[in-house]
Amino acid sequence: MAFVYNMESNRSKYQVRAAGSASPLPDYLAVLNPEQREAVLHTGKPLLILAGAGSGKTRVITTKIAWLIRERGMDPRSILAVTFTNKAAREMADRARLIDPRAGDAMLRTFHSFGAWFLRRNGSLAGLAPNFVIYDDDDTVSLLSTLMEDLSRAEVKLAAQYISRAKDYFLSPEDPELDRINYHREFRDLYARYEERLRQIGNVDFGDLIKKPVEILRTMPEVARRFRERFRVILVDEYQDSNVAQFALLKELSGPETYVCVVGDDDQSIYRFRGAEVRNILEFPDRFPGADIVRLERNYRSTSPILAVASSVVDYNRGRLGKTLRAERGGGKTPTLVFLPDQDAETDFCAALIEKSAGASGKGAYAGWAILYRTNAQSLGFETELLRRRIPYRVVGSLKFYEREEVKDALALLSFLVNPRDEVAFRRVVNKPARGVGAATVDRIVGFTSPDSGAGGDLAVTARRMLPDLPAKARAGLIAFLEAIGSGLAALVPEPVSDSPAGDLPGEELGDVPGGKGEPVLEQAGAGRKPRGKGDAPKVREELRAGEGLSVCVVRLVEDSGIAGYHLSHDEIAGNQRIANLQELANAASLYPATRAGLLDFLEHIELDRSIAEDAGDAEDTVTLITLHNTKGLEFRRVIMTGIEQGVFPRDDKKDDDLEEERRLFYVGATRAMDELYLCSCARRRIFGRTMAMEPSIFLREAGKSSLRIIGDVPYGFTRQDRHSGGSGKSGAGTADSRQRRRSSDGRWQTGDRLFHDDHGYGWVTEIQEGEEGPLVQVCFETGRELRFLSRHQSSRFMKVGDDV
DNA sequence: TAGTTTTAAGTTTTT
DNA sequence: CTTAAAACTA
């Protein structure tokens, strides 16, 4: 059987034959190195693949999928491969299909997308209707704020984070272990009430997409059995980023017969802050007894000087599985460390460097460059400078399309259409534009809508029933809203169509939705029938055009609800852009059928994949601006890491485990570079509009100055002190020293010192405590306020003044 | 209640 | 500095 395997020609040198083997290996296996091949051909026991950066991890997974189908006669549909990002899932599917087209039938999804798929089919076992909508973090906060009215938004956000973390750790409100997340009684109650409310509404949050499937699998052995029969092979990518709940899901899905293979790199674990549990990978051999480990330690991406710098930094971490990455590429340029006076000089340096190099090389040269930074906010300066020099660029990951107000409004309308129990969506749009339906009315409606009120929790039904009892103004407004919803509903083709563009496997015999999908969710009688054109739903010029499929529904909802008109009239300048965004949303919807199922599918895809389709993105010759986190899995010929200063990278509140995570982030960033690596560090930086003095990041010292070509004004003390001999894991010593120095040069604070603070005016020091984070200065201001400061953090905000002032 | 002004607060990272 | 939330006024 002939097949075509696309591969870069320079890899042909790996086309070897297996030693001692009489028959030649097929090409797609011959290109692998011995360790890679061992990983691909491994069977029978659980397998942990420790894959260093650039060691051909994706190739191994995709090849393994193809090999299982091709050589082991495995049904593609019995293979499940989970990743963490949609991009990774797509890439994996594409590459696996290149080796064998049948791989397209394997289930390749993100953890969350798999969870949603599972719940659509089996959620009813946990009391979840199949028409649930997925709440994002914003919606979660909105819902939570209705449960804790007297708290500020910031406090609600914090609570939402705790709940999200609790679910990451597979902790329910009644779990004793919940104390580890937050030991307050109130939190436990709040969490319980939130869960109850979510259940009544019939929606799920992100955490539920993992947690609920585990609960179902644990309590229903026959469901678990069915899934274990279905999926004989489970592959997990980026395993170091999995959390406790995801581990539990993996455990429940895998029986004694299941072949489990996880791939990861403990040095690239950078999502601890959102619940990733590095121990999942560290303890894999214990949790899956008899597991084999294959190490992929040959790096094909970076030249050895680059790898040396990256490894040197991450070597300072303790608690690693430990592996030695070897560069297969010899030679190469020494990475450059650039000391710059300030961030303007930094942007200028980067732009000039790229201009000089790429401008001269011509075609395709810009695409080789990437500028990396710690926080999204840092991208602004680079954008303006690149724009000024007419250097083409693209910013990865900062497209907040689905977070825009008008888009969220439209999505809320659509969500409500699908699930009229959705309180969050209802509150968001029922009085937008203002229709006289105030908070009092909304609270009344929501209050009357209990699950057993006969309306089944349906807010639209309750609202309609309450119409006669409402004041005229509110009544008229509510009618207008219900009409708009009815109008959107009328745009849907009534008969249930079960196909979806999402590529769900056809003929899914595994746990089909009970009762079918055609169940009416919203009564279509009354308001929706009313002919339009009464003037209460003004057409928004010809700005919005409905195309195919679901876009008809989107456009009609947006126009008839008055959302489009609201945004257009509200802000003349931004309005047109907002209409354009709504149009883009409608365009995206046009790919889906105008059915209830299509709408559900559309919403699910938006919730789970926020990245906007970058079809042409790969082909374009542009510089990439990207956060360090977002670079994982990517590679560039030339990489500039910027803002490598204490306080920025690492952030200065990081210590111990968090600091180690930052160090891994450095490792991830540096190992993206194939040919050239530049590290930038500024002496001054504007933070909150204030210019602050910065120190070089401790990571720069850890990189080893002898491994770097250093240019620019080297800060005092940088070259003098080299890294500690022996290279022990003692991190943070350098920071402590420098803090000490800076503090003493300012002069220590004493009780009675008078000072001036930019925001609070004059005051005097009343007390000094030695806090964990340095001296804690208590100040009494002339305004009467008493405040405490960490002198280390705030030193530039207040200054000592003499007695004469 | 809606829209405005004032104040404060915060800048990781994401499915 | 930018943005979001609280407070205020018409």
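What you see is a predicted model, and the numbers here were worked out from it, not measured in a lab. A note on names: the letters A, B, ... follow the listed sequences, proteins ahead of strands, and every chain is numbered from 1.
Rounded to whole Å, atom P of dA5(C) lies 12 Å from atom CD of Glu405(A). Between the C1' atom of dA4(C) and the CZ atom of Arg404(A) lies a distance of 17 Å, rounded to the nearest Å. Between Arg690(A) atom CZ and dA8(B) atom C1' the separation is 13 Å, expressed in whole Å. Look at CG on Leu249(A): it is 18 Å from P on dT15(B), rounded to the nearest Å. Residue Glu238(A) contributes atom CD, which lies 13 Å from atom C1' of dT14(B) at whole-angstrom precision. Atom C1' of nucleotide dA2(B) and atom CG of Asn431(A) are separated by 10 Å, given to the nearest angstrom. Going from atom CD of Glu403(A) over to atom C1' of dA4(C) covers 14 Å, rounded to whole Å. The separation between Ile210(A) atom CD1 and dT14(B) atom C1' is 13 Å, rounded to whole Å.
If you check dT14(B), dA6(C), dT15(B) against the side chain of Phe206(A), the one that comes closest is dT15(B). Which of dT15(B), dT14(B), dT13(B) sits closest to the side chain of Thr375(A) comes down to dT13(B). Checking dT14(B), dT1(B), dT13(B) against the side-chain heavy atoms of His629(A) singles out dT13(B) as nearest. Nearest to the side-chain atoms of Thr110(A) among the listed nucleotides dT15(B), dT1(B), dT13(B) stands dT15(B).
Evaluation of Phe84(A) against the base of dT15(B) yields no stacking contact (centre distance < 5.5 Å, interplanar angle < 30° required). Residue ring and nucleobase are not stacked for Tyr271(A) and dT14(B) under a centre distance beneath 5.5 angstrom and an angle between planes beneath 30°.
A salt bridge links Glu661(A) with Arg664(A): at least one charged nitrogen is closer than 4.0 Å to a carboxylate oxygen. In this structure, Arg274(A) does not pair ionically with Asp168(A), as no charged nitrogen and carboxylate oxygen lie closer than 4.0 Å. The residues Arg427(A) and Glu423(A) are annotated as salt-bridged, a charged nitrogen and a carboxylate oxygen being separated by less than 4.0 angstrom.
Using a 4.0 Å cutoff on non-hydrogen atoms, no part of residues 154-171 of chain A comes near DNA chain B.
Residues Ile163(A) and Thr140(A) have side chains not in contact (no heavy-atom distance under 4.5 Å, counting atoms from C-beta outward). Residues Arg444(A) and Leu470(A) meet the side-chain proximity criterion, which asks for heavy atoms closer than 4.5 Å.
Where Asn86(A) and Ala434(A) meet DNA chain B, the nucleotide closest to each residue was compared, and Ala434(A) sits on the side nearer the 5' end. Along DNA chain B, the nucleotide closest to Leu608(A) and the one closest to Ile687(A) are compared, and the more 5′ of them pairs with Ile687(A).
Residues forming a side chain to side chain donor-acceptor pair (under 3.5 Å) with Asp265(A) (at least two apart in sequence, or on another chain): Gln268(A), Lys323(A).
For the OP1/OP2 pair of dA5(C) and a distance below 4.0 Å, the side-chain nitrogens and oxygens of Arg153(A) include at least one atom meeting the criterion. Checking the phosphate oxygens (OP1, OP2) of dT13(B), a side-chain nitrogen or oxygen of Asn376(A) falls inside 4.0 Å.
The residue Asp137(A) sits close to a base: some heavy atom pair falls under 4.0 Å. Within the nucleic acid shown, Ser152(A) comes within 4.0 Å of sugar-phosphate atoms alone, with no base atom in reach, counting heavy atoms only.
When each of Arg404(A), Arg578(A), Lys432(A) is checked for a salt bridge (Lys or Arg N to Asp or Glu O under 4.0 Å) with Asp409(A), only Lys432(A) meets the rule. Applying the side chain to side chain contact (heavy atoms under 4.5 Å, CB included) test between Leu411(A) and each of Val429(A), Leu603(A), Asp139(A) identifies Leu603(A) as the sole match.
Scanning all heavy atoms of the two residues, the minimum distance from Ala245(A) to Val214(A) falls at O-CG2, 3.8 Å.
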- [ ] Could you check Tyr135(A) against Asp422(A) for side-chain hydrogen bond (donor to acceptor under 3.5 Å, both in side chains), going step by step and ending with a plain yes or no?
- [x] CA-CA 10 Å; Tyr135(A) 274 167; Asp422(A) 190 336; 2.3 Å; yes
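Base pairing in DNA chain B yields stems of at least 3 consecutive Watson-Crick or G-U pairs, both distances under 3.5 Å, namely B:1-10 with C:1-10.
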